[in-house]
Amino acid sequence: MSILILLILFLMIWLFIKFTLVMLKICYVLCVGIPLALMFIMIGVVLCCTLVLAPIGSSLMRLAGRIVYPF
C-alpha cells in the first residue's frame, strides 16, 4: 500500500515538472522568441535590399527561425 502511494506521489511530481517545463517553453516562445525573431527578420529584410550585405541579411533570417523555437 505504501509503495502504491509513493508511486502515485512520484508520478504527480513528475507530471508537475513536465507541465512546468512546457509552460516555461511556451512563455519563452511568446514573450522572447517571437518579438526577437520579428526584429531579426526586419533587420534581415533591410540588409537584403543592399547587394553587399545580402548574405548577412539572409543569415539573420535563418537565425530568426532558430530563435523562435530552439528546443
Side-chain angles (χ1 to χ4, degrees):
M1 183 68 175
S2 64
I3 293 176
L4 182 62
I5 293 171
L6 191 61
L7 286 174
I8 291 172
L9 180 67
F10 282 131
L11 179 65
M12 289 176 61
I13 291 171
W14 180 76
L15 286 174
F16 177 73
I17 290 171
K18 286 292 186 180
F19 179 74
T20 303
L21 289 176
V22 167
M23 288 294 121
L24 285 173
K25 286 180 183 180
I26 290 172
C27 287
Y28 167 78
V29 168
L30 292 177
C31 296
V32 176
I34 292 176
L36 197 60
L38 287 175
M39 184 181 69
F40 278 6
I41 287 174
M42 288 188 288
I43 294 171
V45 167
V46 169
L47 291 178
C48 281
C49 292
T50 64
L51 185 60
V52 176
L53 298 175
I56 297 171
S58 64
S59 65
L60 275 177
M61 287 192 259
R62 279 185 301 214
L63 180 65
R66 291 187 194 132
I67 287 174
V68 172
Y69 197 72
F71 311 110

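Applying the side chain to side chain contact (heavy atoms under 4.5 Å, CB included) criterion to M39, with sequence neighbours excluded, gives L36, I43. Considering only residues two or more places apart in sequence or on other chains, M12 meets the side chain to side chain contact (heavy atoms under 4.5 Å, CB included) condition with I8.
Residues P35 and L30 share a closest heavy-atom pair of CD-O, 3.7 Å. Taking each heavy atom of F40 and I67 in turn, the nearest pair found is CE2-CD1, 3.0 Å. Nearest heavy-atom pair, C48 versus S58, reported as atom, atom and distance to 0.1 Å: SG-N, 3.7 Å. Considering every non-hydrogen atom in both T50 and L47, the closest pair reads OG1-O, 2.9 Å. When all heavy atoms of A37 and V68 are compared, the closest pair comes out as CB-CG2, 3.3 Å.
Hydrophobic clustering (ILVMFWY, side-chain heavy atoms < 4.5 Å, transitive): L11 and V22 are in distinct clusters. Under a hydrophobic-cluster definition in which Ile, Leu, Val, Met, Phe, Trp and Tyr are linked whenever side-chain heavy atoms come within less than 4.5 Å, directly or via other members, Y28 and M23 are assigned to the same cluster. F19 and I26 end up in the same hydrophobic cluster when Ile, Leu, Val, Met, Phe, Trp and Tyr side chains are linked at under 4.5 Å. When hydrophobic clusters are built by joining Ile, Leu, Val, Met, Phe, Trp and Tyr residues whose side-chain heavy atoms come closer than 4.5 Å, directly or via intermediates, V32 is not grouped with L21. Under the 4.5 Å side-chain contact rule for hydrophobic residues, I13 and I3 do not share a cluster.
Interatomic distance, I56 CD1 to L63 CG, rounded to the nearest 0.5 Å: 12.5 Å. Once rounded to the nearest 0.5 Å, the distance linking CG of L6 with CZ of F10 reads 4.5 Å.
Residue L7 places its CG atom among more than 12 non-hydrogen atoms of other residues, nucleotides or ligands, all under 6.0 Å distant.
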